[in-house]
Asks: 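Once you've had a glance at the structure underneath, I'll fire off some questions.
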Amino acid sequence: MAEYQVKIGLASCSIAAGAAKVYDLLNEALLQKGIYLQRTGCRGLCYCEPQVEVISPEGKSYLYGNVNLANASRIVTEHIQGGVPAEDFLLQGPDKDGEAGSFLRKQQRFLLHNCGKIDPENIQSYLAAGGYSGLEKALAQTQQEVIAEIKASGLRGRGGAGFPTHLKWTFASQAKGTQKYIICNADEGDPGAFMDRSILESDPHSVLEGMLIAAYAIGANAGYIYIRAEYPLAIRRLKVAIAQAKEHYFLGHDILGVGFDFEIYIREGAGAFVCGEETALIASIEGKRGMPRFRPPFPVEAGLFGKPTSINNVETFANVPRIIALGASAYSVYGTEESKGTKVFALAGKVNRGGLIEVPMGMTIREIVFEIGGGISSGKPLKAVQTGGPSGGCIPATLEDTPVDYESLKKIGAIMGSGGLLVMDEETCMVDVAKFFLSFTREESCGKCTFCRVGTEQMLRILERITAGEGKEEDIATLQTLGEKIQAGSLCGLGQTMPNPVLTTIKYFREEYEAHVRDKVCPAKVCKALIDYEIVSEDCKGCGLCVKQCPVGAISGEKKAPHVIDAENCLRCGLCINSCKFNCIVVLSKPVTVSRQNAQGQRVGVMK
Amino acid sequence: MSALVMNEFKVLKEKNPLFVIDAIIQRHNVDPGAAIPILQDIQNAFGYVAPEVLERVSELTGIWASELYSIVTFYSQFRMEPIGENLIQVCHGTACHLAGAEKITEALQHETGARGGGTSPDGKFTLEKVACLGCCSLAPVITVNEETFGRLTPAAVGKVIGEVRKGKSDCAHDALVCGGGCSNG
């Protein structure tokens with residue numbers, strides 16, 4: 001008799017949502033029934049982790065979401081023992097499509113097809129899903145044939161710049177020298193991006209297989225994976241995958257008996273965003289400070305340890321085995337004329353269904369946010385979508401019909417980037433967002449180029465002034481001039497793209513800057529110096545909860561009588577709002593005319 | 001680093017801390033560009049990279065101490081001071097920023113007493129601001145001793161810290177994820 005199969009997603013997001021405990025509980029209960037609980041990676045439905053999939057003996061799939069210690073045992077008792085699915089937390093089943101269906105329907109899971117289905121720590125699971133057949137096929141071809149297949153697929157670098165992958169491989173294969181290297185760039189530093197982490201945690205062998213095919217194509221015999229230390233689970237699963245690939249002779253000496261040797265080493269990053277830039281990354285692997293250098297020579301001519309090196313991103317590599325196995329047209333059928341295939345995005349921010357999605361290139365922002373993401377979580381209107389992290393731009397809601405492909409995004413001043421897609425609603429202050437990204441890049445500038453080093457500092461100071469209600473009329477123009485000069489005067493991508501968040505927010509949200517500068521008002525009520533917290537005395541019950549929370553003792557009042565907030569001492573930390581059970585604390589814009597320092601040395605505005 | 005190796009280091013460390021450094025370097029000596037992995041292992045073993053350690057690494061590897069120093073000061077992962085009993089990392093990625101990472105930080109400072117970040121006066125907690133941890137859908141996110149907590153609120157931070165003080169971060173997780181009812185008491 002066929003058995004039930006049960007799978008549980010165990011990636012970082014799921015574990016943070018409590019999946020490890022659910023695993024322990026389910027595993028024990030299922031073992032008694034003789035059922036093996038299979039671990040998988042991420043399905044991408046991060047908004048309702050942890051998830052458990054039950055496959056019935058007839059092969060029907062039932063996906064449960066928001067599984068916790070309280071309802072996990074019901075999967076065993078009601079569904080597996082009783083034969084009746086637990087409808088209330090069933091996300092998707094043969095007779096139920098639900099929200100998960102809407103989330104998945106418009107997606108095209110080409111490279112994520114294994115994620116959430118196979119066991120990332122078991123090579124057998126990968127092999128059963130057709131793993132390493134791309135490598136076998138590639139090794140039966142000539143190097144030129146492999147590169148031609150990649151060319152026909154139209155695959156472009158998924159790290160952000162979109163450089164055609166086949167060109168990089170062609171240059172590296174033509175470069176002189178017997179020692180060549182492959183580097184997998186897994187230094188996913190963009191805040192708000194977790195595509196590479198999910199792929200590495202859910203399907204690590206696909207990346208190894210992609211690296212192997214690339215190594216064969218360019219004639220490399222050693223490869224490095226440069227991965228952020230902030231991704232411990234991905235590192236662990238990669239190590240497991242490398243060991244298993246060696247045991248199965250997919251790595252090492254004379255792979256598959258065709259005289260091809262290849263080894264893969266892992267290098268953990270040490271916390272420097274600039275190391276995502278290829279020459280800085282190479283310096284870091286060589287054991288130096290990660291500072292970019294001038295190009296040419298490009299790494300394809302003189303890269304790691306001075307040898308020809310092809311650096312590709314995790315997602316690029318993960319695409320390769322499928323393209324080779326299924327043929328270029330299976331990939332190029334998706335996408336637009338210039339941007340072929342699919343792209344993985346990390347959809348997050350103020351969206352109902354956040355998660356990891358893969359869509360054909362050319363899908364519009366509206367389709368992604370509203371049809372896949374289910375709209376805005378706060379119920380307020382969409383304000384902007386941010387792509388490309390600190391190098392990217394903010395796309396206003398008015399341009400929500402822009403297709404997401406390399407060319408269209410570039411045209412409106414944003415970039416594809418590595419795949420972070422942050423949704424913002426009207427509670428988001430665009431000046432604050434620009435300031436956030438700039439404070440990030442200021443800290444991460446390596447300091448080599450004056451424009452980037454000093455320019456970020458200057459731009460940040462201006463933005464801090466504006467958000468403090470001390471902006472000057474000429475500030476907006478100065479930001480634009482500085483931004484353009486930094487773009488022109490910086491050596492690497494970090495400096496060249498770093499002004500984008502500021503420039504695009506000025507371009508599309510100028511009135512918000514002007515409100516800060518001229519009227520000293522933050523329309524989104526975010527900037528601390530421009531807001532006041534007030535207790536609505538009619539609603540206040542005088543319970544005193546907020547008094548206990550306030551770290552500076554700025555709230556006072558008699559028990560059971562309306563309380564008041566001392567605006568001068570208030571830090572605007574928001575702890576009181578969160579503690580209030582009667583929702584009687586409100587945030588108001590304050591009409592600021594002069595500013596002074598409060599007791600804590602912070603600049604705050606006060607009324608005349 | 002495997003648990004076995006960590007154990008070996010622990011034994012060595014009790015005898016003489018320098019032995020640990022020697023053992024670490026021996027594991028790396030053939031590797032070109034090993035300076036960063038060596039320093040990472042040292043930080044894993046000691047919790048930080050003390051300036052005097054750099055001299056020893058320099059003696060054994062032939063890499064100039066100034067070069068090692070330049071690495072330690074360049075990469076944000078390296079610490080040159082010891083940390084408190086519990087390391088709390090607050091994610092400051094974009095999603096966490098939008099979801100109020102600043103408020104979480106303030107609540108953490110309030111609860112732990114580590115005002116302005118750094119280590120609390122009682123040595124119990126070290127607060128660190130980190131770049132994106134990649135759990136954006138669960139924003140705002142912190143990690144306490146490598147355990148991740150998502151969808152936090154300032155009130156939840158109080159619960160977590162309270163449980164960690166009692167030495168039960170496990171229970172803190174259950175309290176958050178399952179809304180109470182921790183089986184560990």
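Source: prediction; values computed, not measured. Chain identifiers are assigned alphabetically (A, B, ...) following the order of the sequence lines, protein sequences preceding nucleic acid strands; residue numbering begins at 1 within each chain.
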Asks: Using 0.5 Å steps for rounding, measure from the OG atom of A:Ser439 to the NE2 atom of B:His97.
Replies: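 Interatomic distance, A:Ser439 OG to B:His97 NE2, rounded to 0.5 Å: 7.5 Å.
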Asks: Does a salt bridge link B:Glu106 with A:Lys528, judged by any charged N lying under 4.0 Å from a carboxylate O?
Replies: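 Result for this pair is yes, salt bridge flagged.
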Asks: Quick one: closest heavy-atom pair of B:Ser137 and A:Gly354, and the distance?
Replies: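 Scanning both residues completely, I find the closest heavy atoms to be OG-C, 3.8 Å.
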Asks: May I ask you to name which of A:Gly447, A:Gly189, A:Gly420, A:Ser284 has the most heavy-atom pairs under 4.5 Å with chain B?
Replies: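 Of the candidates given, the most pairs with chain B belong to A:Ser284.
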Asks: Quick check: do A:Val274 and B:Phe74 have side-chain heavy atoms less than 4.5 Å from each other?
Replies: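 With C-beta onward as the side chain, the pair touches.
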Asks: Give a yes or no answer on whether the side chain of B:Thr94 reaches the backbone of A:Pro191 with a donor-acceptor pair at less than 3.5 Å.
Replies: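 Yes, because the side chain of B:Thr94 sits within donor-acceptor range (under 3.5 Å) of the backbone of A:Pro191.
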Asks: Using non-hydrogen atoms and a 4.5 Å limit, figure out which bit of B:Thr73 sits close to chain A: side chain, backbone, both or neither.
Replies: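 Only the side chain of B:Thr73 comes within 4.5 Å of chain A.
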Asks: By a 4.5 Å heavy-atom criterion (distance strictly below it), what part of A:Cys429 contacts chain B: side chain, backbone, both, or neither?
Replies: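 Contact with chain B: none, neither part.
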Asks: Checking heavy atoms, do the side chain of A:Asp196, its backbone, both or neither come under 4.5 Å from chain B?
Replies: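 Nothing of A:Asp196, per the 4.5 Å heavy-atom cut-off to chain B.
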Asks: By a 4.5 Å heavy-atom criterion (distance strictly below it), what part of A:Ser198 contacts chain B: side chain, backbone, both, or neither?
Replies: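 No part of A:Ser198 comes within 4.5 Å of chain B.
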Asks: Considering only heavy atoms, which portion of B:Thr153 lies under 4.5 Å from any heavy atom of chain A: side chain, backbone, both, or neither?
Replies: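 The answer is neither part of B:Thr153.
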Asks: With a 4.5 angstrom heavy-atom cut-off, which part of A:Leu422 approaches chain B: side chain, backbone, both or neither?
Replies: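 Only the side chain of A:Leu422 comes within 4.5 Å of chain B.
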Asks: Name the region of A:Val423, side chain, backbone, both or neither, that has any atom closer than 4.5 Å to a heavy atom of chain B.
Replies: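 Just the backbone, heavy atoms under 4.5 Å.
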Asks: Given heavy-atom pairs under 4.5 angstrom as the criterion, report whether the side chain, backbone, both or neither of A:Ala193 touches chain B.
Replies: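 Contact with chain B is through the backbone of A:Ala193 alone.
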Asks: Look at the side chain of A:Arg267 and the backbone N and O of B:Gly33, then say whether any donor-acceptor pair between them is shorter than 3.5 Å.
Replies: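 Checking the backbone N and O of B:Gly33 against the side chain of A:Arg267, a donor-acceptor pair under 3.5 Å is found.
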Asks: Calculate, to the nearest 0.5 Å, the distance between atoms NE2 and CZ belonging to B:His92 and A:Phe440 respectively.
Replies: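 If we round to the nearest 0.5 Å, B:His92:NE2 and A:Phe440:CZ are 12.0 Å apart.
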Asks: Under 4.5 Å from any heavy atom of chain B, what part of A:Val526 do you find: side chain, backbone, both or neither?
Replies: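 No part of it gets close to chain B.
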Asks: Does any heavy atom of chain B fall under 4.5 Å from the side chain of A:Tyr265, the backbone, both, or neither of them?
Replies: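 For A:Tyr265, there is no contact with chain B at all, as no heavy atom is under 4.5 Å.
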Asks: Counting heavy atoms not belonging to B:Glu59, are there more than 12 under 6.0 Å from its CD?
Replies: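 Count over threshold, so yes.
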Asks: Just give me the residue among A:Arg228, A:Arg353, A:Glu444, A:Glu188 that pairs up with chain B most often, heavy atom to heavy atom, under 4.5 Å.
Replies: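 Of the options given, most contacts go to A:Arg228.
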Asks: Examine whether an atom of A:Ala348 lies under 4.5 Å from a heavy atom of chain B, and if so say whether it belongs to the side chain, the backbone or both; otherwise answer neither.
Replies: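 It is the side chain, since no backbone atom gets that close.
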Asks: Side chain from CB out, backbone as N, CA, C, O: work out which of these in B:Ala131 comes under 4.5 Å of a heavy atom of chain A, or both, or neither.
Replies: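 For B:Ala131, backbone and side chain are both near chain A.
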Asks: Out of A:Glu230, A:Glu286, A:Lys350, which one racks up the most heavy-atom pairs below 4.5 Å with chain B?
Replies: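 Result: the option with the highest number of such pairs is A:Glu286.
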Asks: Check whether B:Ala107 gets within reach of chain A through its side chain, its backbone, both or neither, counting any heavy atom under 4.5 Å.
Replies: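 Both the backbone and the side chain of B:Ala107 come within 4.5 Å of chain A.
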Asks: Does A:Gly271 offer a backbone N or O that forms a donor-acceptor pair with the side chain of B:Ser76 under 3.5 Å?
Replies: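 Yes, the answer is positive, given that a donor and an acceptor are paired below the 3.5 Å cut-off.
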Asks: What part of A:Ser12 gets closer than 4.5 Å to chain B, counting heavy atoms only: side chain, backbone, both or neither?
Replies: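 Interface part for A:Ser12: both.
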Asks: May I ask you to decide if A:Gly290's main-chain N or O and B:Tyr75's side chain share a donor-acceptor pair within less than 3.5 Å?
Replies: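 Pair found, side chain donor or acceptor close to backbone of A:Gly290.
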Asks: Kindly check if the number of other-residue, nucleotide or ligand heavy atoms within 6.0 Å of OH (B:Tyr69) is above 12?
Replies: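 No.
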Asks: For a quick test of reading the model, state the closest non-hydrogen atom pair linking B:Gln77 to A:Ala229 and the distance between them.
Replies: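 B:Gln77 and A:Ala229 have their closest heavy atoms at NE2-CB, 3.3 Å.
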Asks: Closest approach of B:Ile36 and A:Lys288, non-hydrogen atoms and distance?
Replies: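 Nearest heavy atoms, B:Ile36 then A:Lys288: CD1-O, 3.8 Å.
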Asks: Using 0.5 Å steps for rounding, measure from the CG atom of A:Leu356 to the SG atom of B:Cys136.
Replies: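 Between atom CG of A:Leu356 and atom SG of B:Cys136 there are 10.5 Å.
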Asks: Side chain from CB out, backbone as N, CA, C, O: work out which of these in A:Phe305 comes under 4.5 Å of a heavy atom of chain B, or both, or neither.
Replies: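 Contact with chain B is through the side chain of A:Phe305 alone.
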Asks: Does CD in A:Gln179 sit with more than 12 non-hydrogen atoms of other residues, nucleotides or ligands closer than 6.0 Å?
Replies: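 It does: A:Gln179 CD has more than 12 such atoms within range.
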Asks: Quick one: does any side-chain atom of A:Arg197 pair with a main-chain N or O of B:Gly134 as donor and acceptor, under 3.5 Å?
Replies: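 The answer is yes, because a donor-acceptor pair under 3.5 Å joins these two groups.
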Asks: If you measure from CZ on A:Phe194 to CG on B:Leu138, what distance do you get to the nearest 0.5 Å?
Replies: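 These two atoms lie 8.5 Å from each other.
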Asks: Looking only at heavy atoms, what is the nearest atom pair of A:Cys46 and B:Arg151, with distance?
Replies: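 Looks like O-NH2, 3.7 Å.
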Asks: Which atoms form the tightest heavy-atom contact between A:Leu575 and B:Pro154, and what is the distance?
Replies: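 That would be CD2-CB, 3.1 Å.
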Asks: Indicate the atoms forming the closest heavy-atom contact of B:Lys103 with A:Cys573, along with that distance.
Replies: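 That closest heavy-atom pairing would be CG-O, 3.0 Å.
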Asks: Examine whether an atom of A:Met195 lies under 4.5 Å from a heavy atom of chain B, and if so say whether it belongs to the side chain, the backbone or both; otherwise answer neither.
Replies: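 For A:Met195, no heavy atom lies under 4.5 Å from chain B.
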Asks: If you measure from CZ on A:Phe436 to SG on B:Cys96, what distance do you get to the nearest 0.5 Å?
Replies: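 The distance works out to 8.5 Å.
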Asks: By a 4.5 Å heavy-atom criterion (distance strictly below it), what part of B:Leu98 contacts chain A: side chain, backbone, both, or neither?
Replies: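 For B:Leu98, backbone and side chain are both near chain A.
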Asks: Measuring heavy-atom distances to chain B, does A:Glu443 have an atom under 4.5 Å in its side chain, in its backbone, in both, or in neither?
Replies: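 For A:Glu443, side-chain heavy atoms alone lie under 4.5 Å from chain B.
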Asks: Between B:Gln40 and A:Gly269 (side chain of the first, backbone of the second, donor and acceptor by atom type, cut-off under 3.5 Å), is there such a pair?
Replies: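 Present.
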